[in-house]
Amino acid sequence: MNVYLTDGSEDCFYTAVFSACTDRDCVVTSARSLQLALGSTVLVVRADEEKCGRVKKKLQQYAPRSLADISLILRRDSPGKEQTALEYIRLIVQKKAPVGDMLSHPAVIAAREEKKKVTLEAHRFTGFLRFIEGEGGILYAPFAPDNDILELLLPHFLARFRGMPFIIHDTARGRAALYNGKECVVAETEKKVEIPLAEREAHFRALWKDYYEAVNIAARPHERQMKGYMPVRYWKFMPEKQ
Amino acid sequence: MIDAERLKILTESAKYDVSCSSSGSRRKNEGGIGNASFGGICHSFTPDGRCISLLKILLSNRCAYNCLYCPNRAEADVPRASATPDEICELTMAFYKRNYIEGLFLSSAVEGSPDATMAKLVDTAVRLRKVYNFHGYIHLKGIPQADKALISRAGLYADRMSFNVELPAERSLRLLAPQKSREGILSPMKQLALEKAAVKEDTAKARKRFLPAGQTTQLIVGASPETDGQILKLSEALYRRFSLKRVYFSAYIPVVHHALLPDTCTGLLREHRLYQADWLLRFYGFTAEEIAPEGENLPEEYDPKCAWALRHMQFFPIEINKAPLEALLRVPGIGTLGAYKIVKARKFARLGFGDLAKMRIVLKRAKHFITCGGKFYGSENVTSVKNLLMLEERSGRYEQLSMFSTPETSLSALTGQL
Ligand code: SF4
């Protein structure tokens with residue numbers, strides 16, 4: 001059995017698919033902590049523009065929307081994401097058509113579930129992300145999402161806060177989007193950054209905590225529901241939960 | 001700047017308004033801060049399990065009226081406060097920038113006259129839009145009996161408005177909220193519905209957004225004797241006549257003791273059953289009459305869709321691979337999402353019981369009402385079906401708290417999947 005080991009990038013994944021698609025019992029993964037089955041051969045894949053391009057072109061031809069789906073699946077924080085994406089691609093290649101509506105097919109079910117986890121988390125963080133106003137008015141939002149969703153959040157906040165400089169910092173992956181009010185770049189960063197706070201910051205934080213307390217109906221506790229919608233691991237950067 | 005104490009008074013009083021949604025608007029950022037997200041966004045959840053989306057606050061809780069059920073009524077001895085439009089704007093902007101909220105839900109007690117109060121509400125919305133350049137979500141509460149021109153003007157700046165019907169029957173309203181009248185509440189709702197329709201027709205005006213997220217209303221359940229059947233009939237009429245986006249129900253909580261008011265809380269279960277029924281009205285093709293005849297209440301033992309199905313066993317079982325969408329939507333446990341999944345999936349492959357399970361369609365109720373490829377997996381005996389459905393609703397450690405509903409019921413009341 002061949003194990004195609006990728007570097008986690010999309011291009012490298014598609015390069016692996018070039019051979020893996022027809023290599024029946026193979027595994028494609030970017031996970032570093034891998035339990036190798038007996039008799040398996042590890043093939044370290046390096047992104048190859050031509051192979052990657054050819055796979056994407058075929059997919060584009062059969063199922064134009066699948067590229068976006070796969071890109072979302074590859075943002076998952078799970079060791080099996082490449083395999084899920086591979087099975088999905090195999091089905092498209094076999095049908096030579098979009099397969100997104102084959103809702104009872106195991107490959108489609110798995111792909112949709114992985115994709116959903118990514119889009120759901122991105123949607124949640126459009127609400128749960130918290131900005132801190134730093135000196136000089138710059139807004140800084142640290143967060144530590146399960147999946148790699150920084151780029152998925154950007155269009156939302158760029159439209160909403162157009163012209164207002166901000167930083168969104170994925171502290172789990174050490175990457176940040178830096179927006180100066182005109183252009184936005186994503187850069188590798190430290191995992192921890194100290195920001196001097198604006199004068200009014202503490203005041204509004206305190207008001208927000210008061211507000212949070214005041215709107216709760218204490219006579220009707222339902223913690224389970226709260227935690228279901230707003231998982232505890234996200235609380236770290238939410239002032240109302242400090 | 002608003003201080004903590006006034007903030008507390010003005011938000012404590014606003015929290016019983018159950019509408020929290022920030023959905024329905026596609027307002028764009030036109031060179032300022034903010035926009036609206038059509039599906040709505042939750043920014044936090046409180047320990048009572050509810051979502052915080054908007055800054056829900058009153059301009060003032062000094063009220064000239066005397067609605068018996070309201071803690072802020074004129075006669076009540078409670079701390080009073082008001083805020084200026086600028087204070088509200090400033091707080092909204094500060095919270096919005098930090099991504100605490102999606103926008104503002106502004107309401108007020110009747111301070112002075114309805115006109116003066118409405119004018120102040122509208123003024124706040126206009127300031128937010130024009131002075132603060134805010135393009136996020138604004139929900140304005142309408143003050144009954146306020147001037148027509150003011151109400152029209154509000155529609156130009158707000159995304160959504162709501163006049164609360166409060167009590168399901170006119171008689172109860174007269175008794176419990178003597179200064180309000182059914183007419184005073186319904187006529188501005190009608191006015192706004194007509195104006196919105198007119199703006200839609202007129203393409204030249206279409207760019208001038210008018211109340212993009214429409215209107216909602218709220219009914220207090222259990223403060224007065226009306227049945228669920230009456231309440232649903234009223235909701236249905238409101239949806240049809242005023243194209244309301246949503247009717248909210250609020251289980252009565254006694255904050256005030258009065259001979260004309262019950263002393264006990266209305267069970268959350270009743271509120272949840274009404275919400276379930278409301279989803280059936282809006283998305284499942286049921287009429288109010290089908291769900292609950294006018295003089296009747298919804299059953300407590302099972303959800304209103306189960307109840308309907310049990311009364312109409314002659315329609316079941318239906319074949320999952322053939323039944324039209326309308327019929328699938330009537331199967332207990334198959335929600336709108338499940339029904340659409342089935343319709344899509346069966347175009348490619350014949351569906352068996354196992355496939356449905358893999359597709360995450362919940363079958364514990366549905367199995368008694370469907371066949372998959374001709375095979376039936378439920379119980380043939382209606383009485384035993386009833387018992388099975390009932391037991392399952394009552395199961396678990398929530399049994400003793402009959403006032404509360406089960407987590408499953410409360411989830412389905414929220415998501416509308418039943
Ligand atoms: S009008 Fe009635 S419900 Fe509204 S604040 Fe005044 S007393 Fe309360």
Side-chain angles (χ1 to χ4, degrees), chain A residues 95 99-106 108-109 112-113 123-133 137 139 141 156-157 159-164 166 200-201 203-230 238-241, chain B residues 1-4 7-9 11-12 14-16 28-29 31-35 37 39 41-53 55-57 91 94-95 97-100 102 135-136 253 265 268 341-342 344-349 351-352 355-356 358-360 404 407 410-411 414:
Chain A
K95 299 284 177 200
V99 298
D101 283 350
M102 297 175 66
L103 297 178
S104 63
H105 194 287
V108 178
I109 292 174
R112 281 171 62 98
E113 272 173 15
H123 173 74
R124 279 175 157 172
F125 269 106
T126 59
F128 297 161
L129 199 71
R130 292 287 177 268
F131 287 91
I132 300 164
E133 190 179 345
L139 296 170
H156 174 82
F157 287 104
R160 182 161 282 200
F161 293 155
R162 198 166 62 203
M164 293 168 55
F166 65 71
R200 313 191 308 166
E201 182 59 22
H203 175 69
F204 284 120
R205 269 182 160 239
L207 283 183
W208 171 242
K209 286 168 118 172
D210 292 340
Y211 178 73
Y212 182 79
E213 198 144 306
V215 291
N216 180 46
I217 299 184
R220 290 189 170 172
H222 204 336
E223 292 244 350
R224 232 174 75 140
Q225 186 165 302
M226 168 180 70
K227 289 180 180 162
Y229 283 114
M230 189 169 78
M238 305 178 94
E240 67 270 35
K241 284 304 190 189
Chain B
M1 218 188 288
I2 198 160
D3 53 272
L7 179 73
K8 186 164 188 260
I9 296 172
T11 52
E12 282 270 353
K15 73 178 169 192
Y16 294 101
K28 296 249 157 26
N29 184 353
I33 174 174
N35 57 11
S37 159
I41 294 175
C42 286
H43 284 253
S44 194
F45 287 84
T46 35
D48 55 12
R50 298 189 306 163
C51 135
I52 297 183
S53 185
L55 166 62
K56 224 187 261 187
I57 191 167
L91 186 65
F95 278 9
K97 227 164 60 173
R98 288 163 176 77
N99 207 40
Y100 296 164
E102 235 357 66
H135 303 285
I253 304 171
C265 279
L268 265 190
K341 270 195 203 168
I342 291 171
K344 271 189 181 169
R346 71 189 181 185
K347 287 196 189 124
F348 297 92
L351 302 177
D355 292 320
L356 296 183
K358 272 191 290 173
M359 290 159 68
R360 307 242 157 150
F404 298 95
S410 101
L411 189 68
L414 271 175

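Note on naming: letters A, B, ... go to the chains in the order of the sequence lines (proteins, then strands), and numbering restarts at 1 for each one.
Applying the side chain to side chain donor-acceptor pair (under 3.5 Å) rule to B:Lys341 yields no partners; only residues at least two apart in sequence or on another chain are considered.
Of the listed residues (B:Lys8, B:Lys56, B:Lys28), the greatest number of heavy-atom pairs within a distance under 4.5 Å of chain A belongs to B:Lys56. In terms of heavy-atom pairs under 4.5 angstrom with chain A, the leader among B:Glu12, B:Lys358, B:Lys97 is B:Lys97.
Heavy atoms closer than 4.5 Å to chain B are found in both the backbone and the side chain of A:Met102. Neither the backbone nor the side chain of A:Phe166 has a heavy atom closer than 4.5 Å to any heavy atom of chain B. Contact of B:Arg360 with chain A is made through the side chain alone, with heavy-atom distances under 4.5 Å. Residue contact with chain A, scored on non-hydrogen atoms closer than 4.5 Å, involves the backbone and the side chain of B:Tyr100 alike. In this structure, the portions of B:Leu55 lying under 4.5 Å from any heavy atom of chain A include both its backbone and its side chain. With a threshold of 4.5 angstrom between heavy atoms, B:Phe348 approaches chain A through side-chain atoms but not through N, CA, C or O. If you measure heavy-atom distances from B:Ile33 to chain A, the contacts under 4.5 Å come from both the backbone and the side chain. The contact between A:Ile109 and chain B is made entirely by side chain atoms (from C-beta outward), counting heavy-atom distances below 4.5 Å.
Proximity of a side-chain donor or acceptor of A:Arg130 to a complementary backbone N or O of B:Arg98 within less than 3.5 Å is not detected. For the pair A:Glu201 (side chain) and A:Glu133 (backbone), a donor-acceptor distance under 3.5 Å is present.
Checking B:Asn35 against A:Arg160 by side-chain atom types alone, a donor-acceptor pair falls below 3.5 Å.
At most 12 non-hydrogen atoms from other residues, nucleotides or ligands lie less than 6.0 angstrom from CZ of A:Arg112.
Here the straight-line distance linking atom CD of A:Glu240 with atom OG1 of B:Thr46 works out to 10.0 Å at 0.5 Å rounding.
In this pair, A:Trp208 and B:Phe95 present their aromatic rings perpendicular. The plane angle is above 60°, beyond the 30 to 60° band.
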